[in-house]
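One-based numbering, in listed order, for ligands and for the atoms of each.
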Amino acid sequence: MTMPRIMFGGDYNPEQWPEDVWAEDMKLMAEAGVSLVSVGIFAWARVEPRPGEYDFGWFDRVLDLLAEADIGASLATMTASPPPWLSRLHPEVLPRRADGVRLWPGARQHYCPSSPIYREYAGRLVEQVAARYGNHPALRLWHVGNEYGCHVRACYCDVSATDFRRWLRERYHDVEALNAAWSTAFWSQRYGDWSEVLPPRTAPTFGNPAQKLDFARFSNDAILACYTMERDILRRYTPDVPMTTNFIGLVHKPIDSFRWAAEQDVVSLDSYPDPYDPGTHVDAGFGYDLVRSARRGQPWLLMEQAPSAVNWRERNAPKPPGVMRLWSWQAVAQGADGVLFFQWRQAAGGAEKFHSAMLPHAGAHTRIHREVRDLGAEIAATAELAGTRVRAEVALLHDWPNWWAVEGEAHPAPLDLLAAHRAHYAPLFDAHVTCDVLPPDADLAGYRLVIVPNLYLLSAATAAVLREHVRRGGTLLVSYFSGVVDDTERLHPGGAPGPLRDLLGLRVEEFWPLPADGTIGLDLDGRPGRGLEWSEWVEPAGAQAIGTFTEGELAGRPAVLRHSYGAGTAWYLATRPEPALMRAVLDRVRAEAGVAPVLPGLPDGVQAVRRHGVDRSYLLLLNHGGAEVTVALPAPAVDLLGDADRPTGLVTLAPRGVAVLRS
Ligand code: GAL
Ligand code: ZN
């Protein structure tokens, strides 16, 4: 699906306000350039005050007002937070934690995803909403649920236990196959009957890792089934209205965005970088590259961001002047066709009353609202960007089942997969290199370089894809603790990196994780530095040592290895080089792979991304640094945010400055 322009707007919760406020909302929205609002997300208790009794009159008026103001509705299915009567009538819809504690109403998302009762009531409401509004002129997009899996990531109740058993039977068919897959010969865990199988509830010590991994898979599927149930109802009423559900930013462990993306027409992401964290825009960049890649480059929507501070961190920093604009354009640069906020009008009560909004408590004559209006005007002036696409020659592989597995307990040392991704991604970001973030079963054709951090869980199929990539001339870089187990958490025979041993030309004999905060000396082709987190005792079998450990028991042993395979090259890192050294490794790997930055000679702190249209392309430049910089362009270009009549060859960016250049 293609947006007619870069959409601009936010969550709109008119049920929190008397009707006479709505007219002012419409006027101010129109003045601010708002083109899309998400409505009805938390309206269930208001539209269905008692079971089966509906009150949609007020909501009709909201949608009519939006249509009159020519503002589109990203219309919610209203099922994100059940009304209090549901759990009073049916207490069994309330979810339970692993320790048995029940989660009560009083906040939101208090439902067991496997509950047939929840699904039935939710489905009935969706029928009502679809039948009533399917032809409404304001309707642009269905907004299914809201941030699935945000608060309740899994449910361990008896209803979920039954559903888990059903899911396992479909996967394993008989209990002996389950016993084999879960290695239940260990610790007397063997099951004689399906009825003995439970979710991994709180246990005396380390639980069965294969059971936990399957439960993570199941929980993702159970929550996804809530989404597809609603999606299928909407499809029946409105086959042509596109569908999305907003992913929690930036990457959310319980929800496999790659699998969910396939079930949507357009993907959308909520993003709340922390203004106190100087590297936060790089983490955001990773999330944006991932969500764009989830539908193979199709433009996505930034569905929520804060105009300034959030309310849910312990300390909530406002966004200083210019930061909201800069980070909004960052999302567009990285492929977004929509910039939306949580929320339009700042709440007067409730748990989010200190969350910033496009229209703050202090009103329209405020710094925040002025910045919102200015941004709305800029976004409106760049409609031609809509539908253009980002291209990348580098792919970083991320896999949800691996994430669930690699951070498991009772491992050589705790690993943080997102930290591993950041260590590989940040040097590329800093070097102005565009990167896609792909699942391991993706088609890798067209990528010169594929980066694989800590792919502990590796299937034979993925190994075959990686081998083929290198054989055909591609470059691959794999980091430690990869190729360890198969998709049932059973060790690959012969040791790590399992099915990648021939491709990488090496064998890992032993894992030597470093002490907490410990480091290890490294030499990379004459350049000294430190390795972080981890080290390994590697025996080369064809690979050449480019870097070695210089200290301790591993002194003199290979730390960075390079192996020619087929027409390509495979690299292996047996530790995590400190950032400067990682940058040096990646610069070399990139140079050999022929991967160039978006523009040569860009100053530090400037992010540069190109979006490609059919016959033109756009270069977006963002100055995340604290100093003014000047960028020399290869050819004069028009800055869509500047003087449209005057092409320029030199772009000066103030701190937090942005340029959108047509070339
Ligand atoms: C999101 C959620 C919104 C709002 C927002 C506040 O997680 O979808 O409803 O709560 O956070 O930052
Ligand atoms: Zn449950």
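- For ligand 1, the atoms closer than 4.0 angstrom to any heavy atom of His355 are 6 (C), 12 (O).
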- Message: One pair to check against ring-ring contact (aromatic ring centres under 6.0 Å, His included): His398 and Trp403. What are the steps and the verdict?
- Response: CA-CA 8 Å; His398 172 69; Trp403 195 3; 5.1 Å; yes

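- Taking the six-membered ring for Trp and the full ring otherwise, the centers of Phe286 and Phe429 sit at least 6.0 Å from each other.
- In terms of protein heavy-atom proximity, atom 7 (O) of ligand 1 is closest to Glu147 OE1, 2.3 Å.
- Looking at every heavy atom in both residues, Trp194 comes nearest to Val175 through CZ2-N, 3.6 Å.
- Of all heavy-atom pairs between Trp17 and Trp22, the closest is O-NE1, 3.4 Å.
- Within the listing of ligand 1, atoms 8 (O) sit less than 4.0 angstrom from a heavy atom of Asp270.
- Ligand 1 has an N or O atom lying under 3.5 Å from an N or O atom of Asn146, backbone or side chain.
- Within the listing of ligand 1, atoms 9 (O) sit less than 4.0 angstrom from a heavy atom of Phe42.
- Remark: the Asp214 side chain and the Trp182 side chain contain an N/O donor-acceptor pair separated by less than 3.5 Å.
- Short contacts between ligand 1 and Trp312, defined as distances under 4.0 Å to a heavy atom of the residue, involve ligand atoms 6 (C), 12 (O).
- Contacts of Gln343 with ligand 1, taken as heavy-atom pairs under 4.0 Å, are absent altogether.
- When each atom of ligand 1 is checked for a heavy atom of Glu352 under 4.0 Å away, the hits are 4 (C), 5 (C), 6 (C), 10 (O).
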- Item | Worked verdict on Asp25 versus Trp344 for side-chain hydrogen bond (donor to acceptor under 3.5 Å, both in side chains) | CA-CA 8 Å; Asp25 287 331; Trp344 166 251; 3.0 Å; yes

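- In terms of N/O distances under 3.5 Å, ligand 1 is approached by Glu304.
- Between His136 and Asp64, the side chains place a donor N or O and an acceptor N or O closer than 3.5 Å (distance only, hydrogens not considered).
- A donor-acceptor pair shorter than 3.5 Å can be found between the side chains of Asp163 and Ser114.
- Neither side chain, Arg169 nor His173, offers a donor N or O lying under 3.5 Å from an acceptor on the other.
- Salt bridge annotation for Asp436-Arg292: present, with a cationic side-chain nitrogen under 4.0 angstrom from a carboxylate oxygen.
- In this structure, Arg108 has a heavy atom closer than 4.0 Å to ligand 1.
- Within the protein, the N, O or S atoms lying under 2.8 Å from the Zn ion (ligand 2) are Cys112 SG, Cys155 SG, Cys157 SG, Ser160 OG.
- Looking at residues two or more places apart in sequence or on another chain, you find no side chain to side chain donor-acceptor pair (under 3.5 Å) involving Arg313.
- Neither the backbone nor the side chain of Ile248 comes within contact range of ligand 1; no heavy atom lies under 4.0 Å.
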